[in-house]
Every structure is written in structure tokens, then in C-alpha cells.
Amino acid sequence: MAELTYRGAVAHGIAQEMERDDRVYFIGEDVAAAGGVFKTTGGLLERFGPERVRDTPISEEAIVGLVMGAAMTGLRPIGELMFSDFLATCWDIVANQIAKTRYMTDGQVELPLVLRTANGGGLRFGAQHSQSLENWAMAIPGLKVVAPSTPTDVVGLLAASVRDPDPVVFFEHKGLYAAKEDVPEGEIVDELGTAKIRREGDDLTIVALAAMVPRALEAAELLAAEHGISATVIDVRSLVPLDTRTILDSVRHTTRLATVEENPRLCGWGAEIVSIVAEECIWSLDGPVVRITTPHIPLPSASALEDLAIPSVNKIVESVTKMMV
Amino acid sequence: MAELTYRGAVAHGIAQEMERDDRVYFIGEDVAAAGGVFKTTGGLLERFGPERVRDTPISEEAIVGLVMGAAMTGLRPIGELMFSDFLATCWDIVANQIAKTRYMTDGQVELPLVLRTANGGGLRFGAQHSQSLENWAMAIPGLKVVAPSTPTDVVGLLAASVRDPDPVVFFEHKGLYAAKEDVPEGEIVDELGTAKIRREGDDLTIVALAAMVPRALEAAELLAAEHGISATVIDVRSLVPLDTRTILDSVRHTTRLATVEENPRLCGWGAEIVSIVAEECIWSLDGPVVRITTPHIPLPSASALEDLAIPSVNKIVESVTKMMV
Amino acid sequence: MTQTRGDAAPDIDRGVRLAMYRSMLELREFEQRAYDMFMQDLIAGTSHLALGQEAIAAAFGVAMRSDDWTFCTYRGHAHTLARGASMTAAMAELMGRGKGLTGGKGGSMHLTSVEHGAMGSYAIVGAHLPIAAGAAWSAQARGTEQVAVCFFGDGATNIGAFHEALNLAATWKLPVVFVCENNLYMEYTPISAVTAVPRPAADRASAYGLDPILVDGNDADEMYRTALDALMRARAGEGPSLIEAVTYRKGGHSRADPGTYRPKEEVAAWMERDPIDRYRVLLLELGVSENELAEIERGAREAVDLATEEAKAAPLPGPDELERQVWRDGGAAWRN
Amino acid sequence: MTQTRGDAAPDIDRGVRLAMYRSMLELREFEQRAYDMFMQDLIAGTSHLALGQEAIAAAFGVAMRSDDWTFCTYRGHAHTLARGASMTAAMAELMGRGKGLTGGKGGSMHLTSVEHGAMGSYAIVGAHLPIAAGAAWSAQARGTEQVAVCFFGDGATNIGAFHEALNLAATWKLPVVFVCENNLYMEYTPISAVTAVPRPAADRASAYGLDPILVDGNDADEMYRTALDALMRARAGEGPSLIEAVTYRKGGHSRADPGTYRPKEEVAAWMERDPIDRYRVLLLELGVSENELAEIERGAREAVDLATEEAKAAPLPGPDELERQVWRDGGAAWRN
Ligand SMILES: Cc1ncc(C[n+]2csc(CCOP(=O)(O)OP(=O)(O)O)c2C)c(N)n1
Ligand SMILES: Cc1ncc(C[n+]2csc(CCOP(=O)(O)OP(=O)(O)O)c2C)c(N)n1
Ligand SMILES: [Mg+2]
Ligand SMILES: [Mg+2]
């Protein structure tokens, strides 16, 4: 067991896979010589050399297109998009090409690739560098979507993503980069499509993702201590494939559901989960559900405003207690 | 009253607004000299001249960026994206710039612009020319989102969009271009954010959009005739602003809800509406809801497959009768 | 037209020339047949024919190594077939049949035959340039000396992906050949009306440190020499080429388009420069007999006849095909 | 460096020169203060300073007409202030105060002051080039002779939006001036490592039918002449210009970056070419007195002192600001 930050887990995870499989290559802006603007990829250039770890120009379409073309011809490339917001600058290649090509070619073209990107708010970077965009990817058939909340999960889910034969968009939360954890020695390989129950309770199921997981857990402690409400907290981890079984089982047990999303309100993964529940186990519900989200606004930059926008521990506690009346 | 096609209503609507307001300009690929690849904009060049109606290169980022820059400096421009799928090639300018700029500048920059685009499937154009992408826009705070289902609504909602001080993405359904209707004489101006009840019923609320509206209406007739189920059909028309009042009132009355979406399954506007119902009037529901959608797949090209993918009248009838058991 | 690097190249083999002729004829016959079938409503949707532009696809088809890769557009029947993809499967695909190249999923705009190195037809302008560069990166990384060839239109030179792909390919010296088929029109709009330079590709080469290469796309021999040279340079590690091949469509942009926006005299002048007619004259001059040519022509026609019959007999895709091949596991499940 | 169109221009007015000097000093003082405050944690988030690059913003600020428009990047403090935006409001914005230029909503990367023609700072590389072209289109359409000036970095020349904006602006002859501030680095990576040509902007001008313009971005006079000339051409309907102004950052890319990837000798050589130091020497040579310069310097410092004090005293934005100004009606409602 060694302590590792979420940040450090990224390089650790990439290195584990590059070591294992020489078809794994890694490209992006400022990722090689500089080790990444979030210092997530330091040391990889030195370890694997300039052929396999390479700096690109500011050309997101070229980065993602390169990764796609390489994946269909024998590499297992990883591409970095420095901020998830920049997915918009190459969205055609991601959503229209990468996602659809296996289907359009009836399986002739296979795309074992990973797009890693720094997602999420809380760092006062403003509306164009703080978005939580996992929903964009979730809404596109043909993309797998992963968003870990712990260092161990970064390593394990990144390994699973690299080994997956289909394209994966891997959302790292920049607000979690400093988070630390003891991580098991040796190879770590996790499984996509598996949610994790982080806390067991009987009165309520809270479903959260990425940076919202620690907040949901903290809220659950407060709910127990101050309101006598016992909550299960589920870390979704993977939006596609989605572990609906774990979620539905939990809702059937607790009979109440809250989702905690960092993304803006409309059409988020929370709405999808609520809808699945409303279609498949509405009779298990003992009351209305609640989606706790950022309001449907661009994210503001000022600390005083950003802190109000993104769901906080207090906001979760308040919303849940209000719903549970 | 004159008969007008949905296709003809586009040029009619643009002309009405260009005639009224000389700040309205219109640009896009092949829109001027050629009158549009769907023949929706014929005659505008001749009528308003090459300064106001202009062909662009294949440069979607430039088209949308131009429209944005012009809108903030005194024009009220309309830009065409030939197929909605191409939104992906300029998504940064749409989602990160246009949508966020008013907020980021605290209201200093105003963007009275309209992006028109041909949306939807059914024409055997395959996965990259058939998508229903209204959800992409709905998920972005700062965009208004409109999708008419009739020629009259094309004219009236287009007028409302052009006159709106905020950016509007206007989704025309290419499967409806041939649809005809008697359209009132004189100026037609509608209102964004208003759904229309197209059929009144007591047992069930069906919420539909664009090309799914006529199918939902046909299904409602069959449900009445063959299954004794009386359905209300709501044409949403405008996803942002969303007329939740009309939808919630109807669900409170009928106690059952089905949504009919052409877009792929995950995180659609149907999920949003279902979630709002689950949060705000779950006690009014007398049973599970059903979302009828295209499966979560890219759209296939072959007629035999595409017809299976997009919700059909039969599929709606089947899903509703199954849910109403 | 000038500036081809191949000017000083040795003469072209008779066999190669006949192969190009046969290939051009097949592409022509296939697409003419497809057009007829569209008109008879045996084919749905849309289609973008390369009638008149066959020399480019055929020359590359003959010049490329079998493990090289082709990336093309919605106007990609010719490029795909020129690599050896099955005409029957291609025709079946246009007809939406289950035995089509992509099982009816892709359709006319997405013909693909990976086993022949036809790595896909991309229907959104510009997207496949960076993707082709990616294949070239993989060849470079793995040291295989494979080359990616990427075909696109004049209109594509004005989209951002063109710029990003060219810059990156040139910087990394990737083994990719970018072939701009300048048919003077982007859909219905003359390329000159929307482009800041007269030669949309050749006048931009220097922005990527590349030499301008402007060739007559209706001259099969010139195309072949240019192709060979660019492929050789790519294989030798000398980096990408950007070729502008000037050509012309015989018909409209797509099925629905009669092409009436093109001046009559322009059309007439170009019809005189049909690549197949010209090549036939050349081959006769070079001593190929009328009989031999007629034989090749008959062969091409019969091949298309056969493909058409077989495609017509192919079954429609079954309903369970709908949710297959989203993922490697063969299915479309996004949940447990 | 050469090739400026302004070489033969008449001499520059004393008043203009002093205005540029004052402007450069204000930009310098403001950003140095901002840096200190970041270091004291009085400012959160990130920031990208233009220390060392002030001559470009200052020269354009002085040369532009008051109704011209500026479009800049995340590195946009200088360009915004050079148009006359309030230093107090800019500092308040960096501090996340309610009285900030954008009420705390935009922050350091999105400074905007529409009343001064500062039409926004755009934090995604390349996006604002087509947007600036759009403002120019509006000026052309309305016949106002306004000009849009768009500042961006060397790194931005490799993104697709650059290409699309340049081609369209040139084709439509739009009154827009594109100013590439080539500070030799895109974040931490030398621009030469990722670009196919040595001069990322100047070597691309011909791809849009434009003349190459390469100038010393640390020479305020040369910048001023170049600016005047490009603005005049744009106003006269002669279309866009693409200017490459070579310069250098004094510090790192952003708050977090010590800039250690830059060779020591390179840094030292450039520090010798500080635009303000050089201009001070020039002004003395031209007969401006030491006293007068000291007075200007004191004025700039005091203005920044005052702005800092006022900003510190400004209140935080109230909670009801959160859901304001998504729409023209002032609110954020997306439903009834
Ligand atoms: C990004 C994008 N914009 C627009 C279109 C619609 N479109 C399809 S083909 C075409 C014209 C392409 O012209 P060119 O590149 O010259 O190729 P050609 O069709 O002449 O072979 C256009 C505008 C598209 N497919 N993709
Ligand atoms: C599309 C996009 N990609 C990446 C970034 C991250 N990023 C911010 S600044 C920067 C470097 C820009 O370099 P340059 O254009 O030379 O401008 P400079 O910062 O040197 O002024 C990068 C890569 C971004 N903001 N937008
Ligand atoms: Mg063309
Ligand atoms: Mg730079």
C-alpha cells in the first residue's frame, strides 16, 4: 500500500498500461516535456520516450482524429484534452466519427482508444474551463463514459478503459487531483459498468459521481447524525455502461432517491436515472425524488458565486431533508 | 389562407422578418444562389440581395462565429447549418461561446441570433446526416431551443426566434419539409415557451416533438379506436423555455405519461420531463411512465433498419397499451 | 497543368495502364448503374457520384500497396471499389441489403471494406483528414511503411480540420497523402466564390512547409505518376504530400441535383476532357488494339451486371441487426 | 525585423508616444499588482499575464478609433485596459467582487467592457477569430467603417478556427485586423516544436491571399505604425490584415507556471528587449525629460494603487446574482 494522489494516479495508471502493452501511446498538449498543465503526466516522457509520449499543437480535432486513426490501425492510443470544455472544439470527431464508426461499418472498424480529460468546477476558472460534461458523452450512442472519484479508481478504471475494445471518454475531476488515498501495490484493473456502494443506509439512496461523491458521503454523515436519516451512497463511476442493477436494487430497498450532479440541470445523467426508476420501479418509491444539480446556468468565476452554484454538502442535506418530510 | 409546405414556410418566415427589420441577415452554405439544399431558402437572394443573403464556404465555425460577432454589434443574423449533425463541427462556438457570453459578461453582450438547421431522420441518410440533436442544445444553459411540427409554427416560431433578444437554435425536421397546411394570411408571430395541446384526452398524456407529433396523433386515434384509450397529445414546440405548466396540468388530469422522442435514448428531453413529473407531481401518477425513443444506437441507413429504429405509430401504440395494462 | 513531380518518371507499364483503364471503367459502369437504380427507386436515400473523376481513384488504386489505407468521403464509391472492395456488396449496400458492405448500416455515404484497406467513407466534410493522419501515425510508430491516402474535395480545404491535419502531419512527417479532388464546386457554389486563393489546396501547401502539387485529375497517367511519387516519399519517411487534382463531375452534386448552376460552356469543355475517353485514345495510340479494349469494356460491364443481379437477390437485413455492432461484444447494451 | 508596412510612415506625434508610454506603464503596473495579489491569495483561480508584451496592446489601444472593437484571449487584461476599461473594475473582477467588470461572473479570463469596445476575452483558443470576423461583417454591412481587432497567440495559429476565420475574412474583405502575438510558446511547448512553418502567422498569410506582416512586437513605434496602417486599410475596404508581432512573456504562462522550460539565455536576451525600458530610452533620446517620464510613471502607479484600494473595498456579489443575466430578461428561468 502506497499513498497516491488522484493526480499521481493518472501517470501511475498510464504507466501501468504502457508498460504492459507497447501499443499504448499517449499524446496531448503540453503532456510530454511539461508533464501536463495539471501535472498529471510527469515522468512518462522520460520513461517511455518521445515516440510514445508526444506533445501536439493546439489542434483538438487533430489530436482526437489522430487517436481515432491510430486506434483503427493497430495502436491503443490515449489522447488528452486538457480541459473537458475543449471537447466542444473536436465534438464532430468524438460524437459523429469515433462514436458511430463501429456501427456504421458493421463492426469492421474497431476503436480501442481512450480520451482523458480534466472535468469539473470549483477552481474559479469560469464558464469555459469548469464544466462537467460527462452528459455530453453519455448522450452519444457508441461512447463509454467513466468518471472516477478516488485515486484507486483512477488507476483501475483507466486500466479497464485502455483494455476496453471500444472508445472510452475518461473524465478526471480537477477538483479531486489533490485527493489522497492508500492504493494497493501491484497491477490494479477494475471493471467498467460497475457502480460502488460507498455507504449503506436504509432510508434513502443518494447517487453521485466524481467530486460529488465525497460531498454526498459527508452529507450522509450529517443526515445520520443530525436528522436520523440513514442514506446509501452510490458512486456511479461509469455512466456507460450503467450499473442500473445496483441503483434499482438500492432504491427498492430504501424507497427514496436523490441524485447529486455537478452538471447544469437539464438532461443530465440524474434525469436518466430518475427516468429509469420512474419507468421500472415507480411502485417502490415512497415519495418524490430529488435531483440536486448546479442551476441551469454557465458557471461563474467568483468564489462567492461558484460556491453557490455547485451542489455543496449543505445543499445536499437541505434538499434531502426537505424531500423526506 | 394559403397552402404552404413546411419547406416553403421557412423562406416565408425568413422573408417576413427580413422585410420587417433590415438588421436581419442570412448566411449559410449554398443558401443564396442555390436556395438551399433542401430548397428551403429559394428566392431570398433575389428579394433581399447579395449583401443580406450570402453563401459561405464550408466553415461551420466561421458561419456561427460570424453570426455571433454580428449579433453583438447590431445585426440580427440568421445562420444556417445545413444538417444539425454539423453542429458538432462548431459546437465550441455554439455551446461555449454563444450560450455563455451574456452571462460571462454580466449582460453586457447581447446575442439576438438564430441558428437554423435541418434535423432528424427517416430519409435514409445514415448516422451522420439524420440525428435529432435538440437535446444537445437543451443541455446547454443559455440557448433557447425550438422545434416546430407544422408550417404555421415554422413561420410563427421563426418570427419569435428572430425577435427574441437571446440566441435560439431552431430545429427544422427534414422529414416534415413536404408537409402542407393552410397558413393564415398576414404576419404570423408566435411565442416561445408555449406548448400546444394538439388533441385532448383523459387517460394519458403523450408528449411529442417535431416529426413525432403527427405520429403521436395518429397513435392517439388508434388508441381511441382500437383500445378505448383517450390520449392528450402535447406538442412541446419549445424545449427552452419549456412549458412545464401545460405538461404538468395535463399529467395531473390524465395521471399517465408517455414521451415520444426521435433522439437516442439516454439523457433526452423525455428524461427531463419525466424527471420533472417525478419530482413535482409523482402522487398524480397512476402508474409507471414510458419513454418511447430511438434505441441508444447510431442511426442505420437501410430503410429496413431505419424504420425499426425511429418510433413508429405502431411502436407508440404498443408501448402505451403495454404500459396501460 | 504542370508541377507534377512525376514528369521525369519512367514510362508506365502496359499492364498498369490496362489495369487503370479497367478500374476506371468499372467505377464508371458501377456508378452509372447506381444512378439508374436510384432513378428507378431501387435505391433510397442519397448518393454522390464521382462520374468524370474516376482517374484519380483508379490511379491511386493501382499505385497503392495492398496494405495501404484509403480514407474517402460521401463521394466514395470509386475510392472504395478501386481498392478491390466487392461490387456486389457495394451495390447491395446502396440498396440497403443485409449483405451490403456494412450490412445496410452505413449506406452510400459510408462504404467501408477494411480487408481491402478501404478504411471508411466519412460524410462530414474534413473529419477524415486528421483520422487519416492518425493511421499514418500508427504506420510511423509501428514502422510498417504503410501509407494513408486521404481523398477530399475542394470545399474541404476551407474547414478547420484540413488545417489541423495538414499542420500536424507536416510537423510529424507522417506518411499520409492528401488528395484534393478539385471539381470546381462545393455542392452548388463555385469554390472560387468562397475561397481566398485560386488554387484551394496548392496555394495553401506552403502554409505547411509543403511543395505545391497541381495536376490534371483527368489524366490517368499523370495521376499515376503523381501518386507513385507521393507514396514513395511517404514510405521513405519524407512526410506528407498535398496534391490538388483538378477534375469535374459529369453530373450534379448528389442524386437530387441536376447541376444547372454550371455554365453550359464549362460543362461542354469538361465533357471533352473525360478521363476515360482520353485514356482510350491514348491506349490506342500506344498500340493497344480495339479488340483488347472492347474486351476490357465488356468485362467491366459484365462485372457490374453480375454485381447488380447478386445485389438484387440479397436479403434485407433482419430486425435483430438493428442493435448489433455498437460495441465489440456485438451488441448495443448500455446497462446491465 | 522587417516587412512592416509602416516603415515609410511619417513620424509619430509626441502626444501619441507619451500616451503609449503611459498605457504600457499602466498595463505593467496593473499586472504586476495582480501578480502580487495572486501570490497573497487575494485573487483566486488563475491568470495569464501579458507582462513584457505590453507594446502591442498599448499601440493598438492608442491607434484604434473609440468605436472600434477589441477581441482578445484569456491573456486579455492588457488589451481590455488599453481600450480604457476601468482599472478598478478590472481589479475587482480578478478579486471576484460584485463591482467587477463582469460582476464576478467572468473572472480574469473573460474581462469585457463593451462601452469601451472591449468585446470580450475568449478563453478557448481560436474561437474569437471568427467572432471578430463577425463584428467586422456587421461593420461592413452597416457601412460604419468600424474595425474589429483580434489578438491571439502563436499557438492559436494551429487550430481550425484560425483557418476558417482567415479564409472567410479574406474572401469577404472584412474590416478585421488579426494580430498574432508570437511569444514563442504555447503554454510550455515551444511553438516551433508543433508548427510546420517557422513563422506561424506570417508564413500562412499567403494561404489567404494576404501579405506577410512580421513586426517587432516589443517596439511600440513599429507596432503603432503597423496598427495604423492595418486599421486604415480595413476602414478603406481593403480587407483584413494578419500581423505577426514577435514578443516574449516576462513570466510563465499562467499563475502556476514558473516558466522554467525556457532556456536561461533566451530569457535573458529577451529581458534586454523589454518594450517599456526600450521606449523610455527612446523617449529620452527624443527629448522628453526625465521629469516628465517620472511624472507619467508616478501617475500610472498611483492609478493602479487607487484601483487596488477601490477594488479591495468593493463588496462580494450577492447570492441573487447567481441566476441573473442568462437571458435578456435578467434572469435564468428555463421553464414556466
Ligand atoms: C462539415 C460539413 N458541412 C457541410 C456538409 C454538406 N456538404 C456535403 S458535400 C458538400 C460539398 C463538398 O464540396 P467538396 O469538398 O468540393 O467535395 P465534392 O462534393 O465536390 O466532391 C457539402 C457542403 C458536410 N457534409 N459537412
Ligand atoms: C482549444 C483550446 N485548447 C487548449 C487550451 C489550453 N490553453 C490555454 S492557453 C494555451 C496556449 C496558447 O498559446 P498561444 O496561442 O501561443 O497564446 P499565449 O498563451 O502564448 O498568449 C493553451 C494550450 C485552450 N484554452 N483552448
Ligand atoms: Mg468539389
Ligand atoms: Mg504563445
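When reading the values below, keep in mind they use all heavy atoms of this one structure, side chains included, and skip hydrogens, waters and symmetry mates.
Heavy-atom distances place the side chain of B/Ala304, and not its backbone, under 4.5 Å from chain C. Of the two parts of B/Ser59, the backbone and the side chain both hold a non-hydrogen atom closer than 4.5 Å to a non-hydrogen atom of chain C. The contact between B/Ile58 and chain C is made by backbone and side chain atoms together, counting heavy-atom distances below 4.5 Å. Interface residue C/Thr189: backbone and side-chain heavy atoms are both found under 4.5 Å from chain B. With a threshold of 4.5 angstrom between heavy atoms, B/Leu299 approaches chain C through N, CA, C or O but not through any side-chain atom. Both the backbone and the side chain of C/Met186 come within less than 4.5 Å of a heavy atom in chain B.
Counting heavy-atom pairs closer than 4.5 Å to chain B, the top residue among C/Gly107, C/Pro317, C/Gly96 is C/Pro317. The choice from C/Thr46, C/Ile159, C/Ile124 that makes the most heavy-atom pairs within less than 4.5 Å of chain B is C/Ile124. When each of B/Arg124, B/Gln128, B/His296 is scored by its heavy-atom pairs under 4.5 Å with chain C, the top score falls to B/Gln128. Contact tally against chain B (heavy-atom pairs below 4.5 Å) for C/Arg97, C/Glu187, C/Glu93: the top residue is C/Glu187. The residue among B/Ala33, B/Ala309, B/Pro298 with the most heavy atom pairs within less than 4.5 Å of chain C is B/Ala309.
Side-chain atoms of C/Arg199 do not come within 3.5 Å of backbone N or O of C/Ala201 as any donor-acceptor pair.
Around CD of B/Glu218, the count of heavy atoms belonging to other residues, nucleotides or ligands within 6.0 Å does not exceed 12.
No side-chain donor from either of B/Asp307 and B/Ser312 sits under 3.5 Å from a side-chain acceptor of the other.
Under the 30°/60° scheme for interplanar angles, the aromatic rings of C/Tyr261 and C/Tyr188 are found to be tilted. Ring orientation note: the planes of B/Phe125 and B/His129 are nearly perpendicular, at an angle over 60° on the 30°/60° scale. Below 30°, between 30° and 60°, or above 60°: for C/Phe162 and C/Tyr208 the angle between ring planes is above 60°, a perpendicular geometry.
B/Arg52 forms a cation-pi arrangement with B/Tyr25, by the criterion of a distance under 6.0 Å to the ring centre and an angle within 45° of the ring axis.
Here B/Arg7 does not pair with B/Glu172 in a salt bridge; the nearest charged N to carboxylate O distance is not below 4.0 Å.
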